[in-house]
Amino acid sequence: MFEDSTFESSGSINKANKSKYWMMVTFITNGSILVLLILIPLIYPEALPKTMMLTVLTAPPPPPPPPPPPPPPEIVHVVKVQSEMMNNQLVAPTKIPKDIKVMAEKEAPPSQGFGVAGMEGLGGSSNGVPGAFGASTGPVVKAAVPKKVNISGGVAQGLLLQKTIPTYPPIAKAARVSGTVVLQATISKTGTIENLKVLSGPAMLQGAATDAVRSWRYRPYLLNGEPVEVDTTVNVVFSLGG
């Protein structure tokens with residue numbers, strides 16, 4: 001009987017030793033796995049998934065700042081003073097302006113008295129009607145006549161009295177040169193040509209045109225009945241066909 005109890009106690013001791021052994025093995029194995037899981041990312045960081053690391057390590061951008069508040073609207077006070085007509089009656093304005101400007105009336109021109117016919121005669125005086133509806137005896141204002149005016153070539157052509165035909169230069173005719181020489185001239189009060197100068201035209205023909213136009217004579221140009229000097233242009237045409 002004592003032997004049986006000894007056997008049972010030894011078997012239970014063996015079972016307890018085996019369970020402690022397996023427990024230590026399991027603890028060591030789990031600890032090794034845990035240490036490996038911690039050390040592998042530290043030794044080999046490229047082994048970690050990049051997408052997950054970027055998601056975890058990248059901080060989200062900060063939110064945009066709020067927009068500034070809009071400026072307060074400007075308040076404009078408009079005071080309108082206007083008189084209204086109601087039933088053909090003038091109504092006073094509801095608001096009276098602070099500044100009231102007084103407009104000074106212009107002095108009226110002195111009245112021209114009219115006498116009664118028969119009181120001072122039909123001849124009239126300073127206070128009566130001069131004559132019988134007669135004209136005023138005031139001074140007559142006459143516009144000053146300008147010293148010189150500009151007229152067109154067509155108007156000057158109508159004033160021409162004496163025209164000398166220019167001589168065609170033989171050298172220009174031999175060279176078959178033709179054209180129009182434009183001259184600027186001043187017609188004096190007596191109708192003679194002054195201040196003659198060439199504006200344009202062939203050089204071979206300018207001398208002949210100037211010599212001919214210098215001897216032209218014009219009728220004086222009258223302005224308000226008085227002769228005045230005029231500036232105009234003269235066109236002298238040279239044509240090989242005559």
Side-chain angles (χ1 to χ4, degrees), residues 101 103-118 120-242:
K101 296 181 179 179
M103 301 297 293
E105 296 182 356
K106 296 182 179 179
E107 295 182 358
S111 60
Q112 299 290 336
F114 293 94
V116 180
E120 298 181 2
L122 293 176
S125 63
S126 60
N127 293 329
V129 179
F133 305 100
S136 175
T137 59
V140 178
V141 179
K142 188 176 181 181
V145 179
K147 295 182 179 180
K148 185 183 292 187
V149 295
N150 293 324
I151 61 174
S152 63
V155 176
Q157 186 70 22
L159 301 175
L160 185 60
L161 297 176
Q162 179 183 346
K163 180 178 181 180
T164 302
I165 304 300
T167 303
Y168 211 117
I171 186 172
K173 186 179 291 186
R176 309 293 294 175
V177 176
S178 62
T180 301
V181 179
V182 181
L183 305 174
Q184 183 177 3
T186 299
I187 303 175
S188 66
K189 296 179 181 180
T190 59
T192 58
I193 295 294
E194 298 177 355
N195 301 328
L196 189 64
K197 61 180 180 179
V198 179
L199 297 180
S200 63
M204 292 184 179
L205 305 175
Q206 292 178 2
T210 303
D211 294 340
V213 173
R214 189 175 284 113
S215 62
W216 291 7
R217 293 294 179 267
Y218 289 84
R219 185 170 63 253
Y221 185 80
L222 300 179
L223 187 63
N224 294 333
E226 296 183 8
V228 294
E229 293 183 351
V230 295
D231 286 336
T232 186
T233 56
V234 180
N235 296 333
V236 182
V237 181
F238 290 86
S239 176
L240 292 174

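Bear in mind that the values here come from a model prediction, so they are computed numbers and not experimental data. Sequence positions, counted from 1, serve as the residue numbers for this chain.
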Return the minimal non-hydrogen interatomic distance between [X] and [Y], and the atom names on each side.
X	Y	value
Gln206	Gly201	NE2-O, 2.9 Å
Thr180	Pro202	O-CD, 3.9 Å
Val177	Leu240	O-CD2, 4.2 Å
Leu196	Arg214	CD2-N, 4.0 Å
Ser239	Tyr168	O-CE1, 3.6 Å
Pro220	Pro227	CB-CB, 4.1 Å

Can you give me every donor-acceptor pair (side chain of residues 150-161, partner residue at least two apart or in another chain, under 3.5 Å) with its distance?
unit_1, atom_1, unit_2, atom_2, d
Ser152, OG, Val155, N, 3.4

Separation between CG (Leu223) and NZ (Lys148), nearest 0.5 Å, reads 14.5 Å
Got a second to check how far Leu205's CG is from Thr167's OG1, nearest 0.5 Å? 12.0 Å
Is it true that, when you exclude Tyr221 itself, more than 12 heavy atoms of the residues, nucleotides or ligands shown sit nearer than 6.0 Å to its OH? no
Taking side-chain hydrogen bond (donor to acceptor under 3.5 Å, both in side chains) as the definition, give me every residue that meets it alongside Thr210, ordered by chain and number, with sequence neighbours left out. none
Are side-chain heavy atoms of Met204 and Pro169 found at a separation under 4.5 Å? no
Just so I know, are the side chains of Thr192 and Ile187 near enough to count as touching, which here means a heavy-atom distance under 4.5 Å? no
Residue from Val230, Thr232, Ile193 passing side chain to side chain contact (heavy atoms under 4.5 Å, CB included) with Tyr218: Ile193
